[in-house]
Amino acid sequence: MDLPDLFAAPGSSDAPLPPLAVRMRPRSLEEVRGQSAALRPGSPLRRLIEGHSGAVGPLSAILWGPPGTGKTTLAHLVATAAGRRFVELSAITAGVKDVRRVIDEAVRERDLYGRTTVLFLDEIHRFTKAQQDALLPAVENRLVVLVAATTENPSFSIIAPLLSRSVLVTLGSLTDADLGEVLDAALVEERGLAGEFTLEEAAREHVVRISGGDARRALTALEGAAGVALGDLPVGDGDREPVVITSAHVEQAVEKAVVRYDKTGDQHYDVASALIKSMRGSDVDASLHYLARMLEAGEDPRFIARRVVIAASEDVGMADPTALQTAVAAMHAVAQIGMPEARLILAQAVVHNALAPKSNAAYTGINEAIADVRAGRGGAVPAHLRGSGYAGASRLGHGDGYVYPHALDEGVAAQQYLPDDLDRTVDYYRPTTRGFEERLASRWAWLRTALHDRR
């Protein structure tokens with residue numbers, strides 16, 4: 001049975017009003033926010049929505065992306081192409097019997113009326129292999145055009161034969177600007193809040209932050225906050241100006257405190273600085289607190305991961321070389337996984353940094369070396385260290401007298417490596433006696449003796 005048209009205007013005032021997120025669902029490609037890559041001119045999804053015909057027929061599509069990025073909306077837009085019948089199933093409740101019924105009906109619609117059936121299957125990753133197998137003949141022979149939605153990686157949740165018969169469309173989370181436009185439209189459009197409310201800028205920013213790129217979550221928060229704002233009005237306040245929605249209304253509606261944090265202003269830098277200094281100071285609780293503040297404020301987890309990587313070298317260094325390994329692994333994992341699970345990975349890396357013994361010896365060493373280079377110190381490279389792998393190098397004396405360390409029992413050659421003006425005068429790397437670097441300190445002391453005193 002065909003589902004009711006969710007794009008239709010609300011009915012009588014006595015009928016329950018659909019949720020704001022449903023009412024504001026885009027009715028055309030022009031109203032879709034974000035997803036410019038997936039909807040570029042000529043892309044399979046755009047051609048499917050626009051109803052192109054000819055030698056290149058409509059392709060089934062797997063829509064993969066986080067919640068609230070427009071998967072259901074795009075499926076409904078596919079259905080708006082002329083001459084198509086739209087059927088929606090949810091993998092949570094549907095089974096093989098339901099799929100076969102839709103396919104039988106699709107064959108009848110094609111044979112009797114020449115209509116193409118679009119089957120939208122939500123949460124397809126919940127289908128078992130057997131249930132997905134039931135779709136294969138219909139998709140392969142184009143008895144139905146399948147538009148399936150999933151929030152899980154299709155490579156692991158969808159069988160390979162079905163993937164090979166469909167195009168994979170990856171949808172990304174909406175940007176802050178996209179979400180702002182969604183909220184602005186919902187405030188003024190007749191099918192939305194019809195200009196009866198205004199949203200304070202701080203409240204708008206808060207809704208955007210807590211939505212995490214999810215348009216549905218943003219509209220749900222706005223609708224809830226509007227209800228709270230109405231409840232605050234005096235009884236009998238009929239003729240009124242637009243109701244102002246404040247941060248306090250948003251906070252009450254979503255039961256989530258407003259985090260005082262500006263991702264482009266002082267709070268951004270202050271809290272990031274506090275996180276770094278707390279890890280440097282080995283206060284694990286403080287480090288986790290500032291990490292939580294950044295995450296709850298909607299900070300890009302990739303930005304946080306990069307700061308943790310830097311801290312692992314700047315503040316931990318060789319006192320615990322594994323801290324950098326953890327931080328780099330966390331940075332790559334965060335980029336692949338995203339929120340909310342990325343919080344766990346970041347927390348592990350932050351805790352490692354905070355608990356690790358600290359050394360900034362590598363940090364100060366490279367800074368002092370750079371300062372000398374900028375000051376013009378450092379003469380010619382010693383002749384025995386210069387490249388000798390080209391014709392004529394031997395005539396210039398390049399490489400003469402070089403001792404190959406691996407040829408020696410101790411693997412260390414007593415020869416000069418620094419330029420003449422720096423030799424025996426600089427001391428860039430001064431290891432601490434903390435953590436693993438304590439072992440390096442004795443090693444470096446021995447090496448300096450081996451390099452210098454035997455010459």
Side-chain angles (χ1 to χ4, degrees), residues 3-11 15-27 31-35 63 65-77 88 90 92 120 122-123 149-151 171-233 242-259 295-298 338-341 343:
L3 293 179
D5 185 4
L6 292 178
F7 295 136
L17 195 63
L20 181 61
V22 174
R23 305 202 307 270
M24 291 304 301
R25 181 169 289 158
R27 298 165 295 187
E31 293 183 0
V32 175
R33 313 289 178 182
Q35 316 309 344
L63 306 182
T69 52
K71 298 185 292 295
T72 303
T73 290
L74 293 172
H76 279 275
L77 291 179
E88 181 174 356
S90 172
I92 298 175
F120 175 52
D122 200 10
E123 307 274 1
T150 179
T151 57
L171 306 179
S173 297
L174 273 65
T175 65
D176 288 357
D178 293 332
L179 288 175
E181 291 178 6
V182 169
L183 294 173
D184 294 342
L187 287 166
V188 299
E189 291 190 16
E190 286 299 320
R191 58 187 170 132
L193 300 181
E196 296 182 7
F197 297 85
T198 61
L199 189 61
E200 284 187 346
E201 185 60 27
R204 182 178 185 272
E205 292 176 359
H206 182 45
V207 172
V208 168
R209 283 199 303 268
I210 65 176
S211 298
D214 185 330
R216 185 186 300 109
R217 185 184 300 174
L219 290 171
T220 301
L222 175 62
E223 187 172 24
V228 174
L230 277 178
D232 284 349
L233 291 177
V243 179
V244 178
I245 302 173
T246 67
S247 294
H249 295 140
V250 176
E251 185 175 333
Q252 293 179 59
V254 299
E255 296 184 354
K256 190 170 186 178
V258 178
V259 179
L295 293 174
E296 285 298 287
M339 290 294 288
E341 289 83 359
R343 75 192 191 283

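This chain uses plain numbering: 1 for the first residue, then up along the sequence.
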T246-H249 side chain donor-acceptor pair, cut-off 3.5 Å: yes
Tell me the closest heavy-atom pair linking [X] and [Y], and the distance in Å.
X: L174; Y: G68; answer: CD1-O, 3.9 Å
X: A186; Y: L219; answer: CB-CD2, 3.6 Å
X: A225; Y: A253; answer: N-CB, 3.4 Å
X: P242; Y: T198; answer: CB-CG2, 3.8 Å
X: I245; Y: A229; answer: CG1-CB, 4.2 Å
X: F197; Y: L187; answer: O-CD2, 3.8 Å

Worked verdict on L17 versus R23 for side chain to side chain contact (heavy atoms under 4.5 Å, CB included): CA-CA 9 Å; L17 195 63; R23 305 202 307 270; 3.3 Å; yes
Between [atom1] of [X] and [atom2] of [Y], what distance do you get to the nearest 0.5 Å?
X: Q35; Y: S173; atom1: CD; atom2: OG; result: 8.5 Å
X: E88; Y: T72; atom1: CD; atom2: OG1; result: 6.5 Å
X: L230; Y: E196; atom1: CG; atom2: CD; result: 8.0 Å
X: R191; Y: L20; atom1: CZ; atom2: CG; result: 9.5 Å
X: T69; Y: R216; atom1: OG1; atom2: CZ; result: 8.0 Å

Is there side-chain contact between [X] and [Y], with heavy atoms separated by less than 4.5 Å?
X: T73; Y: E31; value: no
X: D176; Y: R209; value: no
X: M24; Y: V182; value: no
X: P19; Y: T220; value: no

Apply salt bridge (charged side-chain N to carboxylate O under 4.0 Å, His left out) to [X] and list each qualifying residue two or more places apart in sequence or on a separate chain.
X: D232; value: none
X: E341; value: none
X: E200; value: none
X: R33; value: E181

Residues that A149 engages under side-chain contact (heavy atoms from CB on, under 4.5 Å), provided they are two or more places apart: K71, F120, D122
Pairing residues for A218 by the side-chain contact (heavy atoms from CB on, under 4.5 Å) criterion, not counting sequence neighbours: L179, L183, V207, S211
Side chain E123, main chain T150, donor-acceptor under 3.5 Å: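 No: the side chain of E123 does not pair with the backbone of T150.
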